[in-house]
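Have a look at the structure below before the remarks.
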Protein chains: 2
Amino acid sequence: MPKTPTVYDVADLAGVSIATVSRVFRKPHKVSQATKDRVNAAVLNLGYVPSGSARSLAARRAGAIGLCFPDFDGIDGGPAPIVYADGRVIEQLDPPEDVEPSGDLYLSEVMLGTEIEAWRHGMAVTIAVARGDEIFDNLAGRVDGMITLSRTVPEGLLAHIARHIPVVVIAGTRAGDDYDHIGTDNVAGMQAMTRHVVDAHGVRDLAFVGGPADSPDDHDRFEGFRMGLHAEGIELPSEPLLRGDFTRSHGRMLGRRLVEAGRVPRALVCSNDQTALGVLDALLATGLRVPEDVIVTGFDGIDASQTSRPRLTTVRQPMRELGRAAVDTLLRRLGDPLMPPQTGTLPVTVLLRESCGCLA
Amino acid sequence: MPKTPTVYDVADLAGVSIATVSRVFRKPHKVSQATKDRVNAAVLNLGYVPSGSARSLAARRAGAIGLCFPDFDGIDGGPAPIVYADGRVIEQLDPPEDVEPSGDLYLSEVMLGTEIEAWRHGMAVTIAVARGDEIFDNLAGRVDGMITLSRTVPEGLLAHIARHIPVVVIAGTRAGDDYDHIGTDNVAGMQAMTRHVVDAHGVRDLAFVGGPADSPDDHDRFEGFRMGLHAEGIELPSEPLLRGDFTRSHGRMLGRRLVEAGRVPRALVCSNDQTALGVLDALLATGLRVPEDVIVTGFDGIDASQTSRPRLTTVRQPMRELGRAAVDTLLRRLGDPLMPPQTGTLPVTVLLRESCGCLA
DNA sequence: TTGTATGCGTTATCAA
DNA sequence: TTGATAACGCATACAA
């Protein structure tokens with residue numbers, strides 16, 4: 001296997017200087033057509049691909065954006081997958097158990113948005129899991145800026161990195177830091193949702209089913225819930241009725257617990273869709289009717305919320321736009337490092353569907 | 001804003017040579033504890049982050065894997081998202097229209113698998129959209145190897161890149177190329193699915209609802225369908241009854257067309273889940289019962305297949321494992337460039353649920 | 001329009 | 001255990 005070709009090889013073969021070869025790639029308009037042709041022929045001939053590292057080093061820019069992935073459950077992944085091709089197929093009954101749908105749609109959508117927007121600006125996206133410092137500042141060193149979900153990177157590390165490249169935090173309010181932030185309007189969204197249940201459906205017996213106590217999203221949503229109640233002149237709880245961990249299976253558990261305790265309120269306002277769907281599962285399983293007996297609402301607007309029966313009334317947050325806005329903010333910051341810290345908030349939409357009784 | 005610090009700055013501050021600074025990062029065991037402490041202090045003090053490009057250039061390896069994303073619909077993304085924070089919330093009725101769920105779960109899962117496995121091996125993942133050459137060999141130049149979904153990169157370009165770095169193709173059979181391939185057992189899976197419908201449910205009137213004619217996956221699945229019929233002594237169709245484009249909305253259209261034409265067979269074996277779900281929607285909408293009147297089966301095992309009513313009997317392919325296997329193959333190839341071209345096939349599982357009548 | 005020469009920030013090879 | 005120094009492959013300012 002021959003050494004991989006460099007500018008020098010291409011230059012030699014084309015009978016030009018390396019500067020010209022470089023120009024053909026970077027400033028084609030400053031090279032005569034004849035020369036361009038010769039160089040391109042040499043490139044094809046040799047199978048030349050410019051070295052990204054050398055290019056980044058010389059140009060002092062990486063041309064890539066870093067995306068820092070939270071270290072979610074299941075990322076361990078266990079052993080490498082089996083690979084065989086003997087045509088065997090396992091056949092199994094698959095009852096509707098407490099299965100957790102695989103993908104975290106939220107993450108996927110954010111990633112997709114990031115990817116789309118970065119691509120539009122000619123940037124690549126490099127992804128790394130935020131576990132341990134190793135691979136992580138492996139990331140920081142190879143990108144022009146970084147996007148991270150709130151609470152995925154230890155604060156000390158993040159601060160260290162932020163001295164070097166701009167950082168944009170998605171979801172999570174500014175906590176005395178100087179990063180740029182992009183979030184969705186959790187408070188207003190949940191407030192509107194709450195008021196809708198009260199106003200449109202005449203319900204005054206609402207309870208909030210929360211998520212992890214340390215989630216800023218959950219915090220804001222509960223606050224929105226309280227503000228909604230307050231606006232309606234309903235007494236405010238100081239704590240959510242119950243807390244889950246944002247998963248559907250946990251939601252089911254909470255739902256069952258509620259039923260067993262015999263204290264199911266007229267409406268359950270849940271902090272995210274997965275929890276709401278789990279609650280829904282549990283209620284229906286015990287013969288309760290939604291929305292006739294209990295109203296259930298969610299937050300996020302994941303796909304599953306519109307395929308459930310009844311479909312879930314929820315607050316949709318523009319997940320893909322979250323990623324896009326983060327990239328936009330990052331690029332703006334790159335263009336103007338002295339700009340004051342930005343805080344972007346994306347609007348949400350209350351989607352009225354069957355689970356609140358707006359549609360049959 | 002001060003110049004970003006380099007090894008030289010760290011070395012100066014710590015009173016050592018740049019070689020030692022480098023060692024502290026690469027071979028910590030070859031440096032005395034005292035020196036290490038001094039260097040680390042300097043690093044923290046200066047906010048030093050090693051340059052990925054310089055590192056890759058000198059080490060002759062990028063430490064990253066490239067993932068090439070197909071240029072799917074909707075990637076244009078339109079204008080940048082609106083960002084405001086005035087607390088306004090739109091509220092809208094959301095009837096169950098012909099909405100297409102947003103994310104392509106298949107892609108997301110493959111990406112996730114890639115990410116997971118790469119992370120386990122200390123590699124970053126760089127993603128780029130396969131549109132135009134520009135950003136694309138931007139990718140090739142900055143990674144140690146590349147994973148691509150079949151048919152996402154023009155063959156000429158791929159060949160060019162493959163001269164430079166190893167390429168692994170996901171989904172899609174070898175077509176005279178020398179790349180490594182990873183796929184799932186489409187043929188065996190669909191054959192097993194087909195035979196199940198015949199054997200367990202006594203159906204001999206089956207039809208195949210296919211996907212795009214140029215999809216290798218679809219081709220293999222139809223072939224599996226035919227093999228299943230053949231094994232059961234049932235006459236073989238030479239073509240699918242209908243073809244969609246693998247989307248749910250198109251599936252709905254096909255379902256409606258079937259009903260209107262008045263020729264709905266006893267069982268509809270669909271080439272993927274989205275198509276099957278669309279068909280399901282259409283059948284139910286016209287009052288037909290599934291599985292009592294018509295059996296519907298899918299392929300892929302996306303989340304939506306287990307939240308539909310009835311839930312979809314399908315062939316699950318391990319999407320996440322696909323990504324993982326691709327990374328494993330790539331790393332093995334990197335370790336042994338002379339290895340003959342590999343072809344990996346991952347096993348599939350037939351999941352028996354309500355839509356075929358195995359479960360009530 | 002093209003060529004020359006220097007610098008980019010590491011790693012790695014030798015010596016010490 | 002540490003240090004000096006030569007690559008690494010490209011971009012770019014400056015000359016021609």
Side-chain angles (χ1 to χ4, degrees), chain A residues 2-40 42-43 46-64 137-144 164-165, chain B residues 2-40 42-43 46-64 122 137-138 140-144 164-165:
Chain A
K3 201 178 77 54
T4 81
T6 73
V7 265
Y8 294 97
D9 303 314
V10 176
D12 278 357
L13 186 57
V16 298
S17 75
I18 64 165
T20 297
V21 174
S22 180
R23 278 191 207 101
V24 169
F25 284 92
R26 315 310 298 172
K27 318 180 164 181
H29 55 284
K30 312 199 85 178
V31 180
S32 77
Q33 189 57 48
T35 313
K36 233 183 312 197
D37 291 345
R38 287 223 312 289
V39 170
N40 281 139
V43 166
L46 293 171
Y48 168 72
V49 175
S51 153
S53 20
R55 179 174 282 182
S56 304
L57 183 58
R60 277 170 274 282
R61 65 184 288 279
D137 40 48
N138 206 312
L139 213 216
R142 69 170 72 226
V143 297
D144 295 318
H164 191 237
I165 53 174
Chain B
K3 199 179 79 58
T4 81
T6 72
V7 266
Y8 292 97
D9 303 313
V10 176
D12 278 357
L13 186 57
V16 298
S17 74
I18 62 166
T20 298
V21 175
S22 179
R23 276 191 208 101
V24 170
F25 284 92
R26 314 309 299 170
K27 318 179 163 172
H29 55 282
K30 310 200 87 178
V31 180
S32 77
Q33 189 58 46
T35 313
K36 235 183 309 196
D37 290 344
R38 289 222 311 289
V39 170
N40 282 137
V43 166
L46 294 171
Y48 169 72
V49 174
S51 152
S53 18
R55 178 172 280 184
S56 303
L57 182 57
R60 275 168 276 279
R61 64 183 290 280
D137 43 48
N138 207 310
R142 68 170 74 224
V143 298
D144 295 318
H164 191 239
I165 53 175

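Letters A, B, ... mirror the listed sequences (proteins, then strands); counts begin at 1.
- Between the side chain of Asn40(B) and the backbone N or O of Asp37(B), no donor-acceptor pair lies under 3.5 Å.
- An OP1 or OP2 oxygen of dG3(C) is reached within less than 4.0 angstrom by a side-chain nitrogen or oxygen of Thr20(A).
- Across the protein-nucleic acid pair, Asp37(A) atom CG and dT1(C) atom P stand 14 Å apart, rounded to whole Å.
- Considering OG of Ser51(B) and NE2 of His164(A), their distance stands at 7.5 Å, rounded to 0.5 Å.
- Looking only at distances, no side-chain donor or acceptor of Arg23(B) sits under 3.5 Å from a matching main-chain atom of Val31(B).
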Check the interface with nucleotides 9-12 of chain C: list each N/O to N/O pair with the protein under 3.5 Å, or write none.
| unit_1 | atom_1 | unit_2 | atom_2 | d |
| --- | --- | --- | --- | --- |
| dT10(C) | OP1 | Tyr48(B) | OH | 2.8 |
| dT10(C) | OP1 | Ser51(B) | N | 3.3 |
| dT10(C) | OP2 | Val7(B) | N | 2.7 |
| dT10(C) | O5' | Tyr48(B) | OH | 3.0 |
| dT11(C) | OP1 | Arg55(B) | NE | 2.9 |
| dT11(C) | OP1 | Arg55(B) | NH2 | 3.4 |
| dT11(C) | OP2 | Ser22(B) | OG | 2.2 |

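- Counting to the nearest Å, the P atom of dC10(D) and the CG atom of Asp12(A) are 13 Å from each other.
- A donor and an acceptor atom, one from each side chain of Thr35(B) and Ser32(B), are located under 3.5 Å apart.
- If you look at Tyr8(B) and Tyr48(B), their ring centroids are not closer than 6.0 Å.
- Rounding to whole angstrom units, NE2 of residue His29(B) and P of dT2(D) are separated by 13 Å.
- Ala59(B) is linked by a side-chain contact (heavy atoms from CB on, under 4.5 Å) to Arg61(B), counting only residues two or more places apart in sequence or in another chain.
- The interatomic distance linking Arg142(B) (CZ) with dC8(D) (C1') rounds to 17 Å, in whole Å.
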